[in-house]
Amino acid sequence: MATVVKLHVVPECLNQQKTRSLRRGFGSCPSPGVLGFGHYCDRFSVKVCRAFRTEDGGDVKEKKLRNLKKNEEKTKRESGFWSSLKSILLRNFMVGSKSDDEYRQAVAKVEGLLSSIAIQIGRYIVTMMSTGVILSIGFQMSGGDSQMDALIWYSWLGGVIIGTMIGANMVLEEHCRAGPRNVVITGSTRGLGKALAREFLLSGDRVIVTSRSPESVQATIKELEENLKEGIANAVGSSLTKLSHAKVVGIACDVCEPHDVQRLANFAVKELGHIDIWINNAGTNKGFRPLLQFSDEDIKQIVSTNLVGSILCTREAMRVMRNQAIAGHIFNMDGAGSGGSSTPLTAVYGSTKCGLRQLQGSLLKECKRSKVGVHTASPGMVLTDLLLREEHYMQLKQTDFVIGLKIEPDFLSPMQWKCTQRTPGYLSSHFQLSVPS
Ligand SMILES: NC(=O)c1ccc[n+]([C@@H]2O[C@H](COP(=O)([O-])OP(=O)(O)OC[C@H]3O[C@@H](n4cnc5c(N)ncnc54)[C@H](OP(=O)(O)O)[C@@H]3O)[C@@H](O)[C@H]2O)c1
């Protein structure tokens, strides 16, 4: 089954407006007060999926990359706002034979730049006016007393210094996070995990793929590398720069085995240096039937993969993240039962997903004021192997919890991300995954 995924980056305000209207899917619905990290938005159309094959060789891409690096070094030498504005204009307008798309991109870039300048100027004016008002009120109240006036001037100066320091800190932190993110995704050789890995990779991030089978891991790395080559071949400008940092590596790991999980974390640190995002995606449900028909082995497998595995991985990710200089974020996958609702015919699966919510609630409190963010990702219903294997699809139609949901071969499910804790300086991404069968 081919998995097609699109990543949308949208303004935060849109996201917040839509959070309340998130559609209830196979995953749980968002709880009130949960900050939106993703969204379900009617306005989004499903764009043409990426073609992940390339016919031409790698020479053109390498040339492109080399040229790009040269350009990058050149622009680095001429730093500053005006040189960047000049280079954008030159690059995008003065060079002849530009396609419509490139022209539109260029216009959007310039627009973005100008609007950010306008915002900065606006902020500056508002700040100056408000400090001016505070100063004049202070002077009026001092009634010309020179000692009071000096005190007001000193407090004003102190405020300016503290404000500048806080602002600079925020800008620096933002700047540090703007680079490629290092992402670990468990269970990423199929379905949602692989779809996520592809999206991160094609956004210029460095990704570690993993599952129990070393062969699947190698095959997935190969496939994603092909996707990346294709992405690089089609990219221009800043997208190409971004993609030049992307990388995909992998290692086999059974999340039920503490030793494997530790090995995965060590591998991640060795390969990437630090971990920005760790997604506990590996999961299984072993089919849809009454509990009496689940074998001992099935039950053990579901609980140890979904619950024990996620706990082991979360602990290992926390160990790594709390020792690194920058913040890290852990995501556990929601699923049917997360919100505490009943999940007939998949009772074991539902209880593990409910358990993960409990874990999340406790860790949010344990991790308060730490550099580790703990979140849940709620994919809604997506027709992956998890649902379609062993004729689950047919049985699924009869179960209660899917009544009202559209289940069609071209069913598209939005991927909802919920961010339950915000760490300052973290650049949130907004995903909408569409996985047609
Ligand atoms: N599909 C949906 O509609 C839906 C809805 C809500 C939530 N979710 C959640 O989303 C996650 C992914 O679901 P999916 O539909 O993409 O499932 P999937 O297509 O069955 O893929 C599961 C992935 O996990 C790996 N895996 C399974 N057991 C593992 C273990 N013990 N250790 C390491 N890797 C393991 C599998 O690879 P190997 O078998 O090779 O190890 C595979 O790569 C799950 O947590 C699921 O509960 C899915």
Side-chain angles (χ1 to χ4, degrees), residues 1-3 5 23-29 184-198 208-221 223 250-261 263-264 279-288 297-298 300-313 331-339 341 343 346 348-357 376-390 392-393 396 399 401-402 405-407 411-418 433-437:
M1 188 183 65
T3 305
V5 189
R23 184 168 54 170
R24 182 183 267 271
F26 184 56
S28 66
C29 69
V184 177
I185 308 171
T186 67
S188 40
T189 54
R190 285 202 304 269
L192 281 166
K194 185 156 89 177
L196 280 169
R198 182 177 286 133
I208 292 193
V209 290
T210 159
S211 84
R212 289 169 298 184
S213 149
E215 294 78 28
S216 307
V217 171
Q218 285 318 313
T220 307
I221 293 174
E223 187 187 328
I251 186 175
C253 165
D254 183 340
V255 295
C256 314
E257 297 297 332
H259 179 71
D260 273 21
V261 175
R263 211 162 50 111
L264 171 63
I279 303 173
N280 290 320
N281 170 77
T284 185
N285 66 357
K286 296 281 170 194
F288 294 85
E297 198 39 51
D298 285 343
K300 267 193 207 162
Q301 193 64 47
I302 301 169
V303 177
S304 54
T305 305
N306 300 4
L307 191 57
V308 179
S310 297
I311 296 174
L312 290 174
C313 287
F331 289 86
N332 282 308
M333 286 307 237
D334 264 359
S338 289
S341 57
T343 55
T346 184
V348 188
Y349 176 87
S351 61
T352 61
K353 291 297 177 183
C354 189
L356 284 181
R357 268 297 177 88
T376 53
S378 191
M381 186 177 184
V382 188
L383 295 182
T384 63
D385 285 358
L386 184 97
L387 303 183
L388 297 174
R389 229 178 302 129
E390 299 163 25
H392 295 164
Y393 176 54
L396 193 66
T399 61
F401 60 86
V402 292
L405 276 179
K406 243 172 83 190
I407 302 177
F411 179 80
L412 300 174
S413 168
M415 175 90 182
Q416 303 161 7
W417 289 87
K418 283 176 287 169
L433 294 183
S434 302
V435 187
S437 61

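Read the numbers this way: they start at 1 and go in the same order the structure lists the ligands and their atoms. Computed from heavy atoms alone, side chains included, the values below leave out hydrogens, waters and symmetry copies. None of the values given here were measured: they were computed from a predicted structure.
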Can you sort out which atoms of ligand 1 are near [X], meaning under 4.0 Å from one of its heavy atoms?
X: C256; value: 31 (N)
X: T305; value: 28 (N), 29 (C), 30 (C), 31 (N)
X: G335; value: 6 (C), 7 (C)
X: N281; value: 10 (O), 11 (C), 12 (C), 44 (C), 45 (O)

Closest to [atom] among [options] (heavy-atom distance):
atom: atom 37 (O) of ligand 1; options: S211, P214, S304, G187; value: S211
atom: atom 35 (C) of ligand 1; options: A282, S338, G337; value: A282
atom: atom 10 (O) of ligand 1; options: D254, L192, L356; value: L192
atom: atom 22 (C) of ligand 1; options: G191, G283, G193; value: G283
atom: atom 32 (N) of ligand 1; options: D260, L264, V255; value: V255
atom: atom 38 (P) of ligand 1; options: R212, Q301, E257, E215; value: R212

Tell me, please: is [X] in heavy-atom contact with ligand 1, that is, under 4.0 Å?
X: T186; answer: no
X: D334; answer: yes
X: C253; answer: yes

Checking D260 against L312 for the side-chain contact (heavy atoms from CB on, under 4.5 Å) test, could you report, in this order, the C-alpha distance in whole Å, the side-chain angles of both residues, the deciding distance, and whether it holds? CA-CA 10 Å; D260 273 21; L312 290 174; over 6 Å; no
Paired with C253, the side-chain contact (heavy atoms from CB on, under 4.5 Å) test is passed by just one of T210, V184, T186, namely T210
For a 4.5 angstrom cut-off between non-hydrogen side-chain atoms, does [X] reach [Y]?
X: V303; Y: V348; result: yes
X: V217; Y: I251; result: no
X: E257; Y: R263; result: no
X: T352; Y: I302; result: yes
X: L192; Y: M333; result: yes
X: V209; Y: I185; result: no
X: N306; Y: Y349; result: yes

Distance-only side-chain donor-acceptor flag, T189 / S211, under 3.5 Å: yes
For ligand 1, which part of [X] has a heavy atom less than 4.0 Å away: the side chain, the backbone, both, or neither?
X: T210; value: neither
X: K353; value: side chain
X: M333; value: side chain

Does N332 use its side chain to pair, donor to acceptor, with the backbone of N280 at less than 3.5 Å? no
Quick check: Y349 and ligand 1, any N/O pair under 3.5 Å apart? yes
